[in-house]
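Atoms considered below: every heavy atom in the structure, side chains included; atoms not considered: hydrogens, waters and symmetry mates. Nothing fancy with the numbering, it's 1 onward along the sequence.
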Amino acid sequence: MTTNKQERPRVGVVGLAYGGYNLGEELGPGKMREMCASLVRAPVKVLEVDRFVLKESDAAEAGRQLAAQQADCILAVLTTFVPDYYIVELLRHADVPVFLWAVEREMQCISVVAGPLITATLFNLKKHCRLAGADIGDKDTLAEVVTFARAAMLRRLLQTARIGYCGGR
């Protein structure tokens, strides 16, 4: 008996902030919990890491965890300004497409400022990425995340697919 159960994309969700500069990093873990709660109804499998990223070594460990869980893509939740090398370190361990969600809420967090810096770096490194700036729960951005995750899952599936044919023309 065959089933037509649709596979859901595996989205690794990582919250990031630049610690120690009074940019609202203390708000980050709460925003991360809120983001995961907003993804509950989305047709994706949410993979969480066991730490909130505040330094480069945290990003490396988060990347290792997501690589072990075989994430199709990463949803990087930028809760404050985040240096580009955090994302590079994350992708060094889990080289998958990354959706950067700059959470626009408080003025002092300046997460939107980090977006162009990070995307420029990822472009130069030839990494697949997408940037959006919105508050958590924004329906249009959530729809973009789901579309991005499906494309990332198809990328994984097609990389391992083996297609053959026989016969004439």
**Message:** Taking side-chain hydrogen bond (donor to acceptor under 3.5 Å, both in side chains) as the definition, give me every residue that meets it alongside S57, ordered by chain and number, with sequence neighbours left out.
**Reply:** none

**Request:** Applying side-chain hydrogen bond (donor to acceptor under 3.5 Å, both in side chains), name anything that partners T141, two or more places apart in sequence or on another chain.
**Result:** D138

Let me confirm one number: the [atom1]-[atom2] distance from [X] to [Y], rounded to the nearest 0.5 Å.
X    : Y    : atom1 : atom2 : value
E104 : I110 : CD    : CD1   : 13.0 Å
W101 : L131 : CH2   : CG    : 12.0 Å
L125 : D84  : CG    : CG    : 8.5 Å
R64  : Q69  : CZ    : CD    : 13.5 Å
M153 : K45  : CE    : NZ    : 13.0 Å

**Message:** Within the structure provided, determine whether C73 and R155 are in side-chain contact (heavy-atom separation under 4.5 Å).
**Reply:** no

**Student check: side-chain heavy atoms of L100 and L122 closer than 4.5 Å** = yes

**Request:** Spell out, as yes or no, whether a donor-acceptor pair under 3.5 Å connects the side chain of S111 to the backbone of F81.
**Result:** no

**Request:** May I ask you to decide if L47's main-chain N or O and R10's side chain share a donor-acceptor pair within less than 3.5 Å?
**Result:** no

Quick check: is [Y] connected to [X] through a chain of hydrophobic side chains (ILVMFWY, heavy atoms under 4.5 Å apart)?
X   : Y    : answer
L78 : L142 : no
V11 : L154 : no
V46 : I136 : yes
L39 : F99  : yes
L54 : L27  : no

Return the set of residues passing salt bridge (Lys or Arg N to Asp or Glu O under 4.0 Å) with [X] (not counting sequence neighbours), or none when no residue passes.
X    : answer
R105 : E34, D135
R156 : E7, D72
E25  : none

Please report the shortest heavy-atom distance between [X] and [Y], naming the atom on each side.
X    : Y    : answer
A42  : V146 : CB-CG2, 4.0 Å
T79  : A17  : OG1-CB, 3.5 Å
I118 : V82  : CD1-O, 3.6 Å
A149 : P9   : O-CB, 3.4 Å
I74  : A94  : CD1-O, 3.9 Å
R150 : P43  : NH2-CG, 3.5 Å

Which residue pairs pass the salt bridge (Lys or Arg N to Asp or Glu O under 4.0 Å) test with at least one member in [range], sequence neighbours excluded?
range            : result
residues 107-116 : none
residues 109-118 : none
residues 91-103  : E89-R92, D95-K127
residues 46-57   : R51-D58

**Cluster companions of V40 among Ile, Leu, Val, Met, Phe, Trp, Tyr (side-chain spacing under 4.5 Å)** = none

**Request:** Going by the side chain to side chain contact (heavy atoms under 4.5 Å, CB included) test, name the single residue among V13, L75, V44 that passes it with V145.
**Result:** L75

**Item:** Pairs involving residues 19-67, ordered by first then second residue, that meet ring-ring contact (aromatic ring centres under 6.0 Å, His included) (sequence neighbours left out)
**Value:** Y18-Y21

**Prompt:** According to the ring-ring contact (aromatic ring centres under 6.0 Å, His included) rule, which pairs have a member within residues 115-141, sequence neighbours left out?
**Reply:** none

